[in-house]
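Below: one structure, written as structure tokens.
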Amino acid sequence: MTENTVSTEDQFTPDVSTFRNDKLHRYELHVGGKLAVHIRFMDKPGHVDFIHTETAEEFQGQGLANVLVHFALDDVVAAGKRIIPHCPFTARYLRQHEVYTQCIDWPEEAAPKLLGT
């Protein structure tokens with residue numbers, strides 16, 4: 001489990017903590033002991049596939065998902081692994097933060113549907 005309580009992304013109160021929960025295959029951000037945001041992932045040899053980001057309703061709009069994705073991406077890069085962003089939120093974040101460009105393996109685009117199918 002990796003823990004961090006400081007982020008350069010946003011300022012927040014000391015009752016916020018981030019960590020990697022390997023048992024549940026997700027990164028978590030807690031506010032005052034409550035799960036506020038989590039990012040589900042699959043950890044594979046050489047890469048981590050980001051699947052889904054979810055923010056609890058009472059914590060939406062506070063930028064907490066940005067804090068957690070920043071923490072999670074830094075954790076993956078520090079482990080020497082590649083990032084695969086299947087999660088739309090993570091993909092948007094990566095497009096806005098070029099510092100991770102060299103560590104990303106973008107998923108292949110789905111084949112376009114044929115007319116009439």
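Keep in mind the model is a prediction, meaning the values are calculated, not measured. The residues of the chain are indexed from 1 along the displayed sequence.
Side-chain contact between Ile51 and Met42 is present, with at least one heavy-atom pair separated by less than 4.5 Å. At a threshold of 4.5 Å between non-hydrogen side-chain atoms, the residues Ile39 and Phe89 do not count as touching. The shortest side-chain heavy-atom distance between Asp43 and Arg20 falls under the 4.5 Å cut-off. At least one side-chain heavy atom of Thr90 sits less than 4.5 Å from a side-chain heavy atom of Leu73. In this structure, Tyr27 and Val76 have side chains that are in contact, with non-hydrogen atoms separated by less than 4.5 Å.
Asp74 and His70 are linked by a side-chain donor-acceptor pair at a separation below 3.5 angstrom, with hydrogens and angles left out of the test.
In terms of the side chain to side chain contact (heavy atoms under 4.5 Å, CB included) criterion, residue partners of Ala36 (sequence neighbours excluded) are, by chain and number, Leu29, Val31, Phe59, Leu64. Listed by chain and residue number, Arg26, Glu28, His30, His38 satisfy the side chain to side chain contact (heavy atoms under 4.5 Å, CB included) test with Leu35 (two or more places apart in sequence, or in another chain). Judged as a side chain to side chain contact (heavy atoms under 4.5 Å, CB included), and not counting sequence neighbours, the contacts of Asp105 are Arg82, Ile84.
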**Q.** CA sep, side-chain torsions, deciding dist, call: Asp22, Phe41, side chain to side chain contact (heavy atoms under 4.5 Å, CB included)
**A.** CA-CA 9 Å; Asp22 286 320; Phe41 66 87; 3.9 Å; yes
Q: Evaluate side chain to side chain contact (heavy atoms under 4.5 Å, CB included) for Val37 paired with Val69, printing each intermediate quantity in order.
A: CA-CA 10 Å; Val37 184; Val69 76; over 6 Å; no
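Looking only at distances, no side-chain donor or acceptor of Lys81 sits under 3.5 Å from a matching main-chain atom of Asp75.
For Glu58, the CD atom is densely surrounded, since the number of other residues' heavy atoms within 6.0 Å is greater than 12.
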